[in-house]
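Just so you know, ligand 1 is whichever comes first in the structure, and atom 1 is the first atom listed for that ligand. Remember, it's a predicted structure, so these values are computed and weren't measured experimentally.
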Amino acid sequence: MTEIDVDALLSQLTLDEKAALVTGASFWNTVSVDRLGIPAITMSDGPHGIRRQPDDREGGIGGSYPATCFPPAVALGSSWDLDLTRRVGEALGREAAALDVQVLLGPGINIKRSPLCGRNFEYLSEDPLIAGSLGGALISGIQSQGVGTSLKHFAANNQETDRLRVSADVDERTLREIYLAGFERAIADARPMTVMASYNRINGVYATENRWLLTDVLRDEWGFDGLVVSDWGAVNDRDKGVAAGLDLEMPSSGDAGPSAVVRAVTAGELREEDLDEAVRNVLRLVARTLPEVRVPDPVIPDELVEADHRLAREAAARCAVLLKNDGGILPLSPGASVAVIGEFARTPRYQGAGSSQIVPTRLDDALTAIGAIATAEPGFAPGYRIGEDEVDEALLTEALDLAREADVAVVFLGLPASAESEGFDRLDIDLPAAQLELLRAVAAVNENVVVVLSNGSVVRTAGWEDGAKAVLEGWLLGQAGGGALADLLYGIENPSGRLAETIPVRLEDTPAYLSFPGSGGHVRYGEGVFVGYRWYDARDAGVGYPFGHGLSYTTFGYSDLAVRVSGHGEQLAVDVDVTVTNTGDRAGREVVQLYVAAPAAETERPERELRGFAVVALEPGESRTVTLPLRWRDFAYFGVSEAAWIVEAGTAHVHVGASSRDLRLSAPVELPVDPIVPSLGRESSLAEWLAHPGGSRVLGEALQSVPGAGGFLSDEMLAVVGTMPLRRIGRFPGFGLDDAALDAMIAQANAL
Ligand code: BGC
């Protein structure tokens, strides 16, 4: 934090200087104005580690200063653990400060609309509550160290195909409830210093030129008071961006950005006040993030390297998800004879490709870590070459010879780096064929197979998992993932990760299957709010593994659900208490999940939506009561015609459980809100008039003077003409209801 008198500086800046300040100076630095002592600040990717390039003119990937590679978002999302995520954030903030980085470009919280999105490994969840609250925890942690964050990619950037031009065509309700909700929450919880406007268009308008998005919603509705930066190269017309609320263009566009701004201001096409506001936001960011003393030598001290590696291992162990564990084959006993099969055991895949790729300080592999725990030396066979799709007979034979002799075969499978990356989307969700062939062959010679997966986006498990007694989904776990996997396999750590995204049975079952990634410059979000589990639950469709699923080496019981309701209308507070007990014989962590089913109403709603969760660490036999708070918004949907959040009166239900499909306890909740009475208008139908308290009275009186009108009100007639606007019925012979008379009735009815 540095003292800067923003307004005093602003008044001394020339138009050229102002225009220069709202575009970057290089790939990573902002512009400095030496004349006035305005310094530059540095931004860096990650965000699961710091990718600080030694030269700020260098945009390439690789060659950055070493930094701890924590579990990428796909893994961290599966921890469902806010405290852990915040601690990871604090460590990221400390490393960023040590590397003289003022803004870390993350977290990325875009919703996983389709499992095919090439960048899903950089995102947290298919659900906005997980994405927003874990994103918020990261932001709080990073910013607690005085380093800024950039919440990205705002908004509806849910695919890589044509990402710099495609228009995400999304209805407003879906945007508000699914694609913006996580951003709204993270901003409210953690106040990120910057938000990054995405590459794509939203309903035809570039995010970087979208005033509705960047100003009306982000600033005016949500109260965001930081800086909006463009994704790198996302600016289309710089002057339009300034007018829309895009404060800073990154990286430098040479003279293109500044000259467009100067031209537009001089021509009277851009208000200088809008430019001033952008400059103010840049100066404020500099003031907020610039340390009093700059780091002379960007290097992470050894003690931090050690401590952060330990934290990376602890975090990784909380992120892996135990999908299946038949007969309690896991945890392994250290004395068991184990065949470790699969190149990924020796050569870990631990982060994804693209701008988030960092240079780790160290790299653990599972094979070495298993060797350090097992008392009997494990055998190893690579089984396949990463990235090759043909079965190598020699490698296969070697693996089978090893598997035959062992008590247990632990088979490491996964996606090669080439399968998923920033910049392109996947075409399928299958593991490489050669790996599946290997698994089939191993399962034929050893019935005790444990599969460990390494993948950044969901892979299909149906079709091969019968060959495995246990499946441990290891995602991409960061630089200490190898050690964490060994800890989990041997029960040194008890798995507590939960799926933050559904594993589908088939790609064809997924919500966006028919419309992803679109064509002709458009992608239509036709599934609406039914994204992820909301889709499968609405259709009562089978899944591979449901959202929220994850096993433990212990078991948990749920009891004593109690719901306390207070307040009325927007002050509504529903506190849900539930007692969780560790009913097994090992310490473990349960992730208690709270889903809300809205009252039955005309507006289509998801069956259930995640509205609360908590991680509870319990010793064997220990119980704890957790309270999960629900508020008015947790029961609301976004009414497009009303342009507002709406809670319908009626009976909602709360469901508490261990996954979206393992709901243990439920209770009804009578919502103390006033029923919504929509105002009547010229378009209102006969049925709407009759349902309206004032309308039914006014209409009843009016119809008394119309001979035979009563016939219109019989049940048979209402079934046929109930949907007709009263205005049209009023023109029928005998009614004589002209617009003036109708308007008078409308005014009278609405006033009652
Ligand atoms: C990515 C951003 C990243 C930026 C800077 C873009 O291509 O979409 O996530 O922060 O580059 O590297």
Side-chain angles (χ1 to χ4, degrees), residues 23-30 41-65 67 72-74 92 96 99 101-112 117-124 131 135 138-139 142 147-166 168 182-183 186 192-202 206-208 226-236 246-253 285 351-359 420-425 456 517:
T23 290
S26 62
F27 253 99
W28 309 111
N29 286 0
T30 58
I41 56 168
T42 299
M43 309 188 172
S44 268
D45 280 314
H48 58 276
I50 319 299
R51 182 182 143 227
R52 168 79 205 269
Q53 305 285 151
D55 183 344
D56 66 282
R57 290 160 305 177
E58 177 54 59
I61 295 161
S64 52
Y65 292 112
V74 58
L92 286 165
L99 292 174
V101 167
Q102 282 73 54
V103 177
L104 180 56
L105 300 173
I109 64 160
N110 295 86
I111 293 294
K112 301 187 193 204
C117 173
R119 230 176 158 179
N120 273 357
F121 63 84
E122 279 191 68
Y123 301 141
L124 290 158
L138 271 171
I139 294 166
I142 296 166
V147 172
T149 54
S150 197
L151 183 62
K152 67 189 187 184
H153 307 89
F154 190 57
N157 176 191
N158 309 98
Q159 65 185 54
E160 293 300 285
T161 306
D162 202 17
R163 67 173 166 155
L164 274 90
R165 298 179 306 189
V166 71
F183 287 94
M193 292 195 209
T194 85
V195 164
M196 187 188 289
S198 57
Y199 285 130
N200 52 292
R201 302 172 206 243
I202 298 160
Y206 277 113
T208 53
L227 168 135
V228 179
V229 59
S230 71
D231 197 346
W232 268 229
V235 165
N236 176 48
L246 177 75
D247 302 308
L248 178 63
E249 170 186 35
M250 284 300 284
S252 162
S253 60
L285 181 68
Q351 65 175 336
S355 62
S356 68
Q357 202 176 310
I358 68 152
V359 175
E420 47 182 353
S421 166
E422 177 178 348
F424 63 87
D425 293 315

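- Residues passing the ring pair (Phe, Tyr, Trp, His ring centres under 6.0 Å) test with Y206, sequence neighbours excluded: none.
- Judged as a side-chain hydrogen bond (donor to acceptor under 3.5 Å, both in side chains), and not counting sequence neighbours, N120 has no contacts.
- Qualifying side-chain hydrogen bond (donor to acceptor under 3.5 Å, both in side chains) partners for T208, counting only residues two or more places apart in sequence or in other chains: none.
- Using a 3.5 Å distance cut-off with no hydrogens or angles, the side chains of N157 and S198 do not pair a donor with an acceptor.
- Put simply, CD on Q159 and CZ on F424 are 14.5 Å apart, with the number rounded to the nearest 0.5 Å.
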Can you pull every nitrogen or oxygen pair between ligand 1 and the protein closer than 3.5 angstrom?
from     : atom 1 : to   : atom 2 : distance (Å)
ligand 1 : 7 (O)  : Y199 : OH     : 2.8
ligand 1 : 7 (O)  : E422 : OE2    : 2.9
ligand 1 : 8 (O)  : R119 : NH1    : 2.8
ligand 1 : 8 (O)  : R119 : NH2    : 3.4
ligand 1 : 8 (O)  : R163 : NH1    : 3.4
ligand 1 : 8 (O)  : D231 : OD1    : 3.3
ligand 1 : 8 (O)  : D231 : OD2    : 2.6
ligand 1 : 9 (O)  : R119 : NH2    : 2.7
ligand 1 : 9 (O)  : K152 : NZ     : 2.9
ligand 1 : 9 (O)  : H153 : NE2    : 2.7
ligand 1 : 10 (O) : D45  : OD1    : 2.6
ligand 1 : 10 (O) : K152 : NZ     : 3.1
ligand 1 : 12 (O) : D45  : OD2    : 2.4

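- Counting all heavy atoms, side chain and backbone alike, L285 lies closest to M193 at CD1-CB, 3.9 Å.
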